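Single-structure report; data block below.
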Amino acid sequence: MGKKVFITGMTGNVGSEVAHALYKMGYPFSAGVRNIRQAREIFGSQYEYVEFDFLNPSTYAGALAGSDKLFLIRPPALADFRRQIRPFLDFAVQAGVKRIVFLSLMGVERNPIPPHYRIEKYIRSLQIPYTFLRPSFFMQNLHQAHCEDIKKRSNIYIPAGRAKISFIDTRDIGEIGAKVFWDPIHENQAYTLTGQDALNYEQVAEIFTSVLGRKIIYANPSPFAFRKAMIGRGVDKKYVNVMVALYLTTRMGMAKAVSADTADLLGRAPGTVRNYVQDYARYWEE
């Protein structure tokens, strides 16, 4: 089987699911985290954790020791590719990494604005096998970024208009992320990962209402109202601006495409929003 996989972003939505899938499949890996003790408390002691920080090059060698495969996730707070991400990629190649799987973004091949575009371009230039996973919106955002609105206010407060979105379950992304390392057929490929259908947020609110047994509405604020409300709640302005930009592209229909890649890679149908709400219902219980 060779050496192990090194996972960045272990504490996020997808990284933890990749780790879970690799563990279930019996593949060796280590997970880079800034706080090992805290990671053990949250995710359990069954995984191998190593200290890692993109902004601290002194952690690179120890983190990559024994690894020849890299699952790369860009931390949301790191937007300067040249200064904050590229040094680690350069070190990884020098350290013997021979395969990279990168969690990218749906439609990024046509959108040079997000950092993911530059990361993909640079990974291609490294001349080692890669796989780009380009997912649509995560279902799991609904119990994380939007949990309080749904739980306490019974509304989904998102400025997406009537646009449809091909939501994907991060558990499916994690399974795919673990699988693609082990078959050469996935080398130098890019996959668009979506759910099996596209829904607007009114339809999502109806599913929440049905599963939770209480009325959940889709507030559908304007982008301006959303920005003002988020800043009023103390959310960082730069992060709010990124969210607004993302939802503006959503309103333009850029997240509605449905791809067969997910089902093909999983060998089964991807999870649905209803499955997700049923499985995570505890997060929105009053």
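FYI, side chains are in, hydrogens and waters are out, and symmetry mates aren't considered; it's all heavy atoms of this structure. Numbers here are sequence positions counted from 1. What you are looking at is a predicted structure, and each value in this text was computed from that prediction instead of being measured.
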Parallel, tilted or perpendicular: ring planes of Trp284 versus Phe208, cut at 30 and 60 degrees: perpendicular
Cluster companions of Ile217 among Ile, Leu, Val, Met, Phe, Trp, Tyr (side-chain spacing under 4.5 Å): none
Name every donor-acceptor pair, under 3.5 Å, that has one atom in a side chain of residues 105-115 and the other anywhere in the protein, sequence neighbours excluded.
unit_1: Glu109; atom_1: OE1; unit_2: Arg134; atom_2: NH1; d: 3.3
unit_1: Asn111; atom_1: OD1; unit_2: Ile113; atom_2: N; d: 3.2

Ser45 side chain vs Arg40 backbone, donor-acceptor pair below 3.5 Å: no
Ring centre gap for Trp182 and Phe29 strictly below 6.0 Å: no
No-hydrogen, no-angle side-chain donor-acceptor test under 3.5 Å, Thr194 and Ser259: no
Flag for Thr170-Gln140: side-chain donor and acceptor within less than 3.5 Å: yes
More than 12 heavy atoms from other groups under 6.0 Å of OH on Tyr23: no
Leu72-Val93 co-clustered via ILVMFWY side chain contacts under 4.5 Å: yes
For Arg99, all residues meeting salt bridge (Lys or Arg N to Asp or Glu O under 4.0 Å), sequence neighbours excluded: none
Cluster check Leu103, Leu126: I/L/V/M/F/W/Y, side chain < 4.5 angstrom: no
Connected via hydrophobic side-chain network under 4.5 Å: Ile128 and Ile7: no
Pair His20 and Tyr47, ring centroids less than 6.0 Å apart: no
Tyr191/Phe132 aromatic ring centres below 6.0 Å: no
Face-on cation placement of Arg233 at Tyr157 ring, 6.0 Å and 45° thresholds: yes
Check against side-chain contact (heavy atoms from CB on, under 4.5 Å), Met10 and Tyr49: CA-CA 9 Å; Met10 163 68 197; Tyr49 302 101; 4.2 Å; yes
Salt bridge (Lys or Arg N to Asp or Glu O under 4.0 Å) against Arg214, all qualifying residues, sequence neighbours excluded: Glu286
Between Asn275 and Thr272, a side-chain donor and acceptor under 3.5 Å: yes
Exercise: do Ser104 and Glu120 side chains pair donor with acceptor under 3.5 Å: yes
Side-chain (Asp68) to main-chain (Lys98) donor-acceptor, under 3.5 angstrom: no
Joint cluster assignment, Leu142 & Ile216, ILVMFWY side-chain distance < 4.5 Å: yes
Full working for salt bridge (charged side-chain N to carboxylate O under 4.0 Å, His left out) between Glu148 and Arg153: CA-CA 7 Å; Glu148 185 175 343; Arg153 302 179 182 93; 3.4 Å; yes
Backbone of Ala205 reached by a side-chain donor or acceptor of Thr209 within 3.5 Å: yes
Cluster check Met243, Leu78: I/L/V/M/F/W/Y, side chain < 4.5 angstrom: no
Shortest non-hydrogen separation from Ile176 to Thr262 and the atoms involved: CD1-CG2, 3.9 Å
Stepwise salt bridge (charged side-chain N to carboxylate O under 4.0 Å, His left out) check, Glu175 with Arg268: CA-CA 12 Å; Glu175 185 175 332; Arg268 60 170 173 79; 3.0 Å; yes
Results of salt bridge (Lys or Arg N to Asp or Glu O under 4.0 Å) for Asp90 - residues two or more places apart only: Arg86
Ring centre gap for Phe102 and Tyr122 strictly below 6.0 Å: no
For Asp236, salt bridge (Lys or Arg N to Asp or Glu O under 4.0 Å) partners two or more places apart: none
Rounded distance (nearest 0.5 Å) linking atom CG of Leu22 with atom OG of Ser30: 10.5 Å
Cationic N near anionic O, under 4.0 Å, Arg171 to Asp279: yes
Option among Phe88, Phe6, Phe54 that satisfies the ring-ring contact (aromatic ring centres under 6.0 Å, His included) test with Tyr60: Phe88
